[in-house]
Enquirer: 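The structure under discussion is supplied below as C-alpha cells; questions concerning it will follow.
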Amino acid sequence: MKILIFPTSLLIRSNKDFLFHLIYFILKSILRIFGFNLKSKNLFLSGDLNHYGEIIRIMGAKNVFFCPNLSPIYYNKFFKIFPFIQNDNYPSNFDFLKPSFISFKKAEKNLNKFDVILSSIRCSNKALNILKKRTKYKNIHCIFDRFDHEEVYFDIKKIFRNFKETQFDIYFKQDIPINFKNKKIFPISPLPVKNITNRIKQDKKIYPFSFVGHYQKSHTRDDRFELIELISKHFPTSKLIYSHDREHQINDKDLKKILVSTKINLSPSGRIWDSYRHTELVNYGSPILLPKNDSKICGEEWIDLHDCIIYETKFFEGKWKIINTDELIKKLNYVLNDDNLQKSIYDNYRKKVIKEHTQKVRSEYILSIMRKTYEEKYKINLSN
C-alpha cells in the first residue's frame with residue numbers, strides 16, 4: 001500500500017522560520033545575563049505526526065510520500081540540540097523516520113500510483129486542486145482533522161467543516177461529539193505518547209497535586225481554571241504554576257522533578273477535552289485527574305478510580321463548569337489517603353496507555369481503517 005500525504009503547513013515550516021526562532025532563543029539567553037527577560041516565544045509545531053508519524057516506520061519510507069516536504073525538525077535531532085524546542089506543547093513531537101518526498105507536479109502526474117491519499121484539513125490550495133482529480137483513479141481519500149473544533153459541540157452541522165461527504169472516504173477527527181454517528185468518521189483522541197519510560201522510583205511524593213500550564217479565558221475551557229482554584233483552596237501544599245501569557249514556563253528538568261514528586265497529576269481540559277497530558281503524564285509514576293470526555297475517543301472509555309480519577313463538567317450559562325465539587329473533593333481526599341489505591345490506579349493507567357495510546361498503536365489503528373476501507377471499496381486484498 002502506497003500513501004501520499006498532503007500535510008498542514010505547520011509540518012512544512014521553512015528553514016528560515018526555524019532560524020528565526022533559533023536566533024530569538026540565543027538573543028533571549030544573552031539578554032538574560034544582563035538582567036533583561038524577553039517573553040517566551042513558542043515554535044508552534046504541529047501534533048499531527050503524533051498520530052500517524054509511525055506509519056513511516058511500519059510501512060517503510062519508500063511507501064509513504066509527503067508532498068512537498070516535511071520540516072527536518074520532525075525527523076532529525078534538532079530537538080535535542082536546541083533547548084527552546086523543549087517548551088513546545090507536545091513532548092512526543094519529534095524523532096520520526098524520514099519519509100519520501102514528492103513535488104506537487106509529480107504528485108499530480110502520479111496520483112494513480114497511490115492507494116491512499118491523506119490530507120490535512122489545512123493542507124495547501126495546491127493540494128486541494130490536485131485532490132479534485134483524484135476521482136479518476138483507484139484510491140481513497142482520508143481527511144485528517146486534529147485542529148481544535150469547539151463549535152462542533154454546539155452545532156453538529158459543522159462536523160466536516162467546509163467539506164462535503166462525497167469528497168472523502170474517511171474523516172479522522174479529534175473532536176467528535178459522543179452521540180454523533182457516521183460510518184466515515186473515526187476518532188483520533190487522545191493525543192498519543194511516543195515512548196513509555198521505565199517505571200520511576202520515587203519514594204517520597206511531597207505534593208498532593210501539581211499542574212504547570214497556562215489558561216486563556218478566550219480559549220481555554222473554564223473548568224481548567226476552576227479546577228486549579230479548587231485544588232489551591234482545599235490542598236494548599238499542591239504545586240500549581242500557571243499563567244495566561246506563558247510566563248509560567250519552566251525548564252524540562254524542573255518540570256519532571258515536580259511531576260515525579262506529585263501524588264496525583266492534573267490533566268484538565270484545554271480548548272477542548274483532549275490534552276497531551278492525558279497520555280504524556282504516564283511517564284511520571286502517578287495517577288491523573290482528568291475530565292470526563294465529551295468526545296469520542298480511541299480505545300475503551302476511561303474508568304473512574306480504575307485507570308484514572310474523573311471529574312465531570314457541564315456547559316452552563318456560557319461556561320464549562322465542574323459538576324458536584326463537594327463530591328469531587330471527598331473523592332480526592334479518599335484517594336490521597338490510600339497509597340495502595342493510587343498505585344493500583346496508576347498501574348492500570350500505564351497498562352491502558354501502552355495498549356491503546358502509543359504512537360505506534362495509533363498509527364496501526366489508522367492504517368487498519370485505511371486498508372479496510374480500500375479493500376471494501378475496490379474488493380481488493382492489499383495484503384497480497
Side-chain angles (χ1 to χ4, degrees), residues 1-21 42-56 59 61-76 78 88-90 93-94 96-137 139-149 151-152 158-175 184-186 188 191 363 366 370:
M1 184 165 70
K2 287 193 177 294
I3 302 172
L4 172 63
I5 298 176
F6 292 117
T8 168
S9 60
L10 292 177
L11 284 173
I12 53 178
R13 288 280 179 133
S14 68
N15 289 333
K16 287 182 180 180
D17 184 67
F18 179 76
L19 184 61
F20 166 79
H21 284 275
N42 274 30
L43 191 55
F44 294 116
L45 302 175
S46 168
D48 284 22
L49 288 177
N50 286 7
H51 297 275
Y52 65 75
E54 287 304 302
I55 286 178
I56 305 166
M59 298 297 297
K62 292 183 179 180
N63 294 311
V64 183
F65 290 75
F66 276 66
C67 180
N69 57 48
L70 175 64
S71 172
I73 195 173
Y74 295 100
Y75 60 78
N76 63 21
F78 284 160
D88 176 66
N89 286 342
Y90 309 114
N93 223 5
F94 313 102
F96 295 96
L97 184 67
K98 182 180 179 180
S100 297
F101 300 132
I102 188 170
S103 67
F104 286 113
K105 187 175 181 179
K106 287 187 177 180
E108 187 172 0
K109 284 185 177 180
N110 293 279
L111 275 181
N112 62 318
K113 295 182 180 180
F114 294 98
D115 303 300
V116 177
I117 301 174
L118 178 68
S119 65
S120 166
I121 194 71
R122 295 186 182 177
C123 65
S124 66
N125 288 330
K126 285 185 178 180
L128 291 174
N129 288 331
I130 292 174
L131 284 168
K132 292 176 182 178
K133 302 175 182 180
R134 179 196 64 81
T135 53
K136 297 179 182 178
Y137 308 108
N139 49 39
I140 61 171
H141 177 209
C142 310
I143 295 177
F144 195 83
D145 184 0
R146 205 205 64 80
F147 288 93
D148 296 340
H149 197 182
E151 289 179 302
V152 76
K158 296 181 178 180
I159 188 76
F160 298 126
R161 302 203 193 244
N162 296 323
F163 282 86
K164 297 178 181 178
E165 280 194 64
T166 54
Q167 294 177 274
F168 58 84
D169 298 281
I170 299 169
Y171 198 106
F172 293 111
K173 190 173 180 67
Q174 172 185 261
D175 293 301
K184 285 188 174 184
I185 195 165
F186 296 89
I188 55 172
L191 193 71
S363 286
I366 289 172
M370 289 175 170

Enquirer: Is a donor on one side and an acceptor on the other found under 3.5 Å between the side chain of T8 and the backbone of L11?
Expert: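 Side chain of T8 to backbone of L11, a donor-acceptor pair under 3.5 Å: no, none is there.
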Enquirer: Does the side chain of K158 pick up a donor-acceptor pair with the side chain of H149 at under 3.5 Å?
Expert: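 K158 vs H149: no donor-acceptor pair found between side chains.
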Enquirer: Report the distance from atom OG1 of T135 to atom CD of Q167, rounding to the nearest 0.5 Å.
Expert: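 So the gap between those two atoms works out to 10.5 Å.
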Enquirer: Test ring pair (Phe, Tyr, Trp, His ring centres under 6.0 Å) on F172 and H51 and set out the steps.
Expert: CA-CA 10 Å; F172 293 111; H51 297 275; 9.6 Å; no
Enquirer: Determine whether a donor-acceptor pair (N or O, by modelled atom type, separation under 3.5 Å) exists between the side chain of K173 and the backbone of I143.
Expert: no
Enquirer: Are I12 and F66 close enough that some pair of their side-chain heavy atoms sits under 4.5 Å apart?
Expert: no
Enquirer: Can the positive tip of R122 be found less than 6.0 Å from the middle of the six-membered ring of F147, inside 45° of the ring normal?
Expert: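 Yes - R122 lies over the ring of F147, closer than 6.0 Å to its centre and within 45° of its axis.
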Enquirer: Between I56 and Y75, is there a side-chain heavy-atom distance shorter than 4.5 Å?
Expert: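 The answer is no, as the side chains (C-beta and beyond) never meet within the 4.5 Å cut-off.
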Enquirer: Could you grab the distance from atom CD of E151 to atom CD1 of I159, nearest 0.5 Å is fine?
Expert: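 So the CD of E151 and the CD1 of I159 are separated by 11.5 Å.
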Enquirer: Drop me the distance from Y52's OH to S120's OG, to the nearest 0.5 angstrom.
Expert: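 It comes to 6.5 Å.
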Enquirer: Check whether more than 12 heavy atoms from other residues, nucleotides or ligands sit under 6.0 Å from atom CG of N112, and answer yes or no.
Expert: yes
Enquirer: Would you please say whether a donor-acceptor pair under 3.5 Å links the side chains of D145 and Q174?
Expert: no
Enquirer: Under the side chain to side chain donor-acceptor pair (under 3.5 Å) test, which residues partner N129, sequence neighbours left out?
Expert: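 If we apply the side chain to side chain donor-acceptor pair (under 3.5 Å) test to N129, skipping adjacent residues, there are no hits.
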Enquirer: Any sub-3.5 Å donor-acceptor pair from S100's side-chain atoms to A61's backbone N or O?
Expert: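 At least one qualifying donor-acceptor pair exists.
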Enquirer: Please tell me if the side chains of I3 and M370 come closer than 4.5 Å, counting only heavy atoms from C-beta onward.
Expert: yes
Enquirer: Determine, stepwise, if the pair F94 / L49 fulfils side chain to side chain contact (heavy atoms under 4.5 Å, CB included).
Expert: CA-CA 8 Å; F94 313 102; L49 288 177; over 6 Å; no
Enquirer: Within the 4.5 Å heavy-atom criterion, are I140 and I117 side-chain neighbours or not?
Expert: no
Enquirer: The criterion is ring pair (Phe, Tyr, Trp, His ring centres under 6.0 Å); which residues satisfy it with F114, sequence neighbours excluded?
Expert: F65
Enquirer: How close do P68 and F104 get, heavy atom to heavy atom, and via which atoms?
Expert: CD-CZ, 3.6 Å
Enquirer: Drop me the distance from N50's CG to F96's CZ, to the nearest 0.5 angstrom.
Expert: 5.0 Å
Enquirer: Y74 side chain to S46 main-chain N or O, any donor-acceptor pair under 3.5 Å?
Expert: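 It does hold such a pair.
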Enquirer: Test side chain to side chain contact (heavy atoms under 4.5 Å, CB included) on I55 and I366; report intermediate values, then the result.
Expert: CA-CA 9 Å; I55 286 178; I366 289 172; 4.1 Å; yes
Enquirer: In Å, rounded to the nearest 0.5 Å, how long is the span from SG of C123 to CG of L128?
Expert: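 Output value for this atom pair is 4.0 Å.
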Enquirer: Less than 4.5 Å apart, side chain to side chain, heavy atoms only: is that true for L70 and P99?
Expert: yes
Enquirer: Considering all heavy atoms of both residues, which atom of H141 and which atom of S119 are nearest to each other, and what is their separation?
Expert: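 So the two residues come closest at NE2-OG, 2.7 Å.
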Enquirer: Of all heavy-atom pairs between P7 and C67, which one has the smallest distance, and what is that distance?
Expert: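 Here P7 and C67 meet closest at CD-O, 3.3 Å.
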Enquirer: Taking it one step at a time, do I188 and R146 satisfy side chain to side chain contact (heavy atoms under 4.5 Å, CB included)?
Expert: CA-CA 8 Å; I188 55 172; R146 205 205 64 80; 3.9 Å; yes
Enquirer: Are K184 and F168 in a cation-pi setup, meaning NZ or CZ lies under 6.0 angstrom from the ring centre and within 45 degrees of the ring axis?
Expert: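 Verdict for F168: a cation-pi partner in K184.
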Enquirer: I'd like to check F144 versus I5 (side-chain heavy atoms, cut-off strictly below 4.5 Å). Are they in contact?
Expert: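 No, every pair of side-chain atoms sits at 4.5 Å or beyond.
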Enquirer: Do the side chains of C142 and Y171 get nearer than 4.5 Å, heavy atoms only?
Expert: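 A side-chain contact under 4.5 Å is absent here.
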Enquirer: Looking at CZ of R134 and CG of L4, how far apart are the two atoms once the value is rounded to the nearest 0.5 Å?
Expert: 11.5 Å
